[in-house]
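One structure is given below, encoded as structure tokens.
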Amino acid sequence: HRILIAMAIGAGLSYLMADPFVALASVLAFIISESVDYGVYTFTKRPLKQRILFSSAVGTPIDSAVFMLLLGFFSWYGLAIMFASKMVGAVIVWYLMTDENEILV
């Protein structure tokens with residue numbers, strides 16, 4: 001649970017570097033999406049690399065939507081862009097964890 005310390009540090013830095021309202025919206029969205037991630041990682045018994053993609057596919061739109069809704073600036077276009085950009089990172093991590101032979105199968 002050392003990750004909680006890192007999350008607290010990140011929340012503190014967000015509060016110092018951004019408007020407190022924006023920082024709070026970010027922290028709340030992150031907590032909600034991390035709860036979803038916890039469920040994916042805990043209750044699915046798939047291999048880790050599959051859970052990374054599934055977790056990102058489920059948690060990313062929740063995180064982005066909650067953040068924009070809390071700020072009062074929700075946009076379907078913004079949600080799509082945020083989702084796509086975050087999924088690129090998840091796919092890169094998935095690819096780096098995938099064996100060359102596994103991709104060819």
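- A distance of 9.5 Å separates CH2 of W94 from CD of Q50, quoted to the nearest 0.5 Å.
- Among all heavy-atom pairs drawn from G78 and M68, the shortest one is C-CE, 4.0 Å.
- Applying the side chain to side chain contact (heavy atoms under 4.5 Å, CB included) rule to F21 yields the partners D19, L71; only residues at least two apart in sequence or on another chain are considered.
- A side-chain donor-acceptor contact under 3.5 Å links S33 to the backbone of F30.
- Summarising the geometry of A11 relative to V27, their closest heavy-atom pair is CB-CG2, 3.5 Å, with the distance given to 0.1 Å.
- Separation of atoms CZ (R51) and OG1 (T42) is listed at 8.5 Å; rounding is to 0.5 Å.
- Side-chain contact check for F74 versus W76: some heavy-atom pair is nearer than 4.5 Å.
- Here CE of M17 is found 15.0 Å from OH of Y15. Values are rounded to the nearest 0.5 Å.
- Within a 6.0 Å radius of CZ in F83, other residues, nucleotides and ligands contribute more than 12 heavy atoms.
- S35 contributes atom OG, which lies 11.0 Å from atom CG of D63 (distance to the nearest 0.5 angstrom).
- Going from atom CG of L70 over to atom CD1 of I32 covers 7.0 Å, rounded to the nearest 0.5 Å.
- When the side chains of ILVMFWY residues are joined at heavy-atom separations under 4.5 Å, either directly or via intervening members, V93 and Y41 end up in a single hydrophobic cluster.
- The side chain to side chain contact (heavy atoms under 4.5 Å, CB included) test applied to I9 returns I5, L13, not counting sequence neighbours.
- In this structure a side-chain-to-backbone donor-acceptor pair under 3.5 Å is missing from S26 to V22.
- The closest side-chain heavy-atom distance from M82 to F67 is below 4.5 Å.
- Listed by chain and number, the residues in a side chain to side chain contact (heavy atoms under 4.5 Å, CB included) with Y77 are S75, I81 (sequence neighbours excluded).
- No side-chain heavy atom of R46 sits under 4.5 Å from any side-chain heavy atom of F54.
- To the nearest 0.5 Å, atom CG of residue L28 and atom CG of residue L69 are 12.5 Å apart.
- Between K86 and S64, the side chains place a donor N or O and an acceptor N or O closer than 3.5 Å (distance only, hydrogens not considered).
- Here the closest heavy-atom approach between residue P61 and residue V58 is recorded as CD-O, 3.4 Å.
- When hydrophobic clusters are built by joining Ile, Leu, Val, Met, Phe, Trp and Tyr residues whose side-chain heavy atoms come closer than 4.5 Å, directly or via intermediates, L24 is grouped together with V66.
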